[in-house]
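One structure is given here, and the rest of the page talks about it.
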Amino acid sequence: MDCINCSNTNCLIKKHSNNPELEEFLAEKHRFKVAKGQSFIIEGAPVHGLFFVYKGKVKMVKTGINGREQIVRLVNNGEVVGHRSFGVGEYYQIGAVAIEDSILCSFTKKMLRDTLQTNAKLTYDFMTFYSEELNRSETKVRKFAQMTVRERIIDAILYIHRKFKQSKGWLTLELSRRELADFAGTTEEQSIRMLSALKSEGLIKVDGRKIGILDLKKLRSEISEHNYYLDS
DNA sequence: GCATTAATTGGTC
DNA sequence: GACCAATTAATGC
């Protein structure tokens, strides 16, 4: 329950949890569960705070014009959710949905604002984090503009591999074909066809929603000229 | 078990 | 490469 004992060593708050100045702030932390498929941040809803994934996996989504949704980011244990809406505007411009049953930590907007205004070290880490996020977001723009569907699907798979790793030869994050398409910026049919193409080429293996990478080198080499696989 | 959702395939623009 | 339609497989209740 205490941040100090949390196993998410990558968590921003965890890193500062031994600072006595933050005692009051940490005491105001809330923790709650969300079920698979549940959206706990809704586009257009008023901003009420900042979330951290304690355990589980989450997708950040943005709804497009014709109801098509775009997965903006995939979130793992220890990562921040809802930071983009913090400080600016009153309403979320983005939604968050649990990919699997998850446990979240949350802080209210007020507590966070008060704390950041008095604690420079924490604020600095936040700033660094925002900077990295902006960087990632910028390279993503180029990626979508220049890569083919095949390359985007491969990139998505490699991204999941980097971030969520494999266990016993299978990626630990399972997405539906539609979710994979929403993440790679294409349609469900394309993601289906691309998966079977990559499978028949012996680059990956597929079993239902499970995907396993068989030839990491070849996959990487296909998108190497874009050099985007370096970002995480 | 039935009903909704997901995956697949083929075809058209 | 997107959109649509038809079929089948999987999954929820």
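In the text below, chain A, chain B and the rest are named by the order of the sequence lines, each starting its count at 1.
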| said: Filter on salt bridge (charged side-chain N to carboxylate O under 4.0 Å, His left out), then keep only pairs touching residues 2-21 of chain A, sequence neighbours left out; what's left? | reply: none
| Positional range of nucleotides in DNA chain C within the contact set of chain A, heavy-atom, under 4.0 Å | dG1(C) to dC4(C)
| message | Going by the rule side chain to side chain contact (heavy atoms under 4.5 Å, CB included), which residues pair with Phe32(A) if we only count those two or more places apart in sequence or in a different chain? | response | Val34(A), Phe51(A), Leu104(A), Ser106(A)
| message | Less than 4.0 angstrom from a charged side-chain N to a carboxylate O is my criterion; do Lys36(A) and Glu100(A) meet it? | response | no
| request: Quick one: label Arg152(A) by what it contacts on the DNA or RNA (base, sugar-phosphate, nothing), any heavy atom closer than 4.0 Å. | output: nothing
| request: Evaluate the side-chain proximity of Val141(A) to Glu138(A): yes if any heavy-atom separation is below 4.5 Å, no if none is. | output: no
| query | For His226(A) and Gln146(A), what are the C-alpha separation, side-chain angles and deciding distance, and is it a side-chain hydrogen bond (donor to acceptor under 3.5 Å, both in side chains)? | reply | CA-CA 8 Å; His226(A) 296 282; Gln146(A) 295 174 4; 4.6 Å; no
| remark: Whether each nucleotide of nucleotides 6-13 of chain B has a protein heavy atom under 4.0 Å at its base (B), only at its sugar-phosphate (S) or at neither (-) is summarised, 5' to 3', as SSBBB---
| message | Test of understanding: with side chain to side chain contact (heavy atoms under 4.5 Å, CB included), list the residues that count as partners of Ser39(A), not counting sequence neighbours. | response | Ile42(A), Val97(A)
| field | Salt-bridge contact Arg152(A)-Asp155(A) (side-chain N to carboxylate O under 4.0 Å) | value | no
| note | Residue set satisfying side chain to side chain contact (heavy atoms under 4.5 Å, CB included) with Thr108(A), at least two apart, ordered chain then number -> Lys110(A), Met111(A)
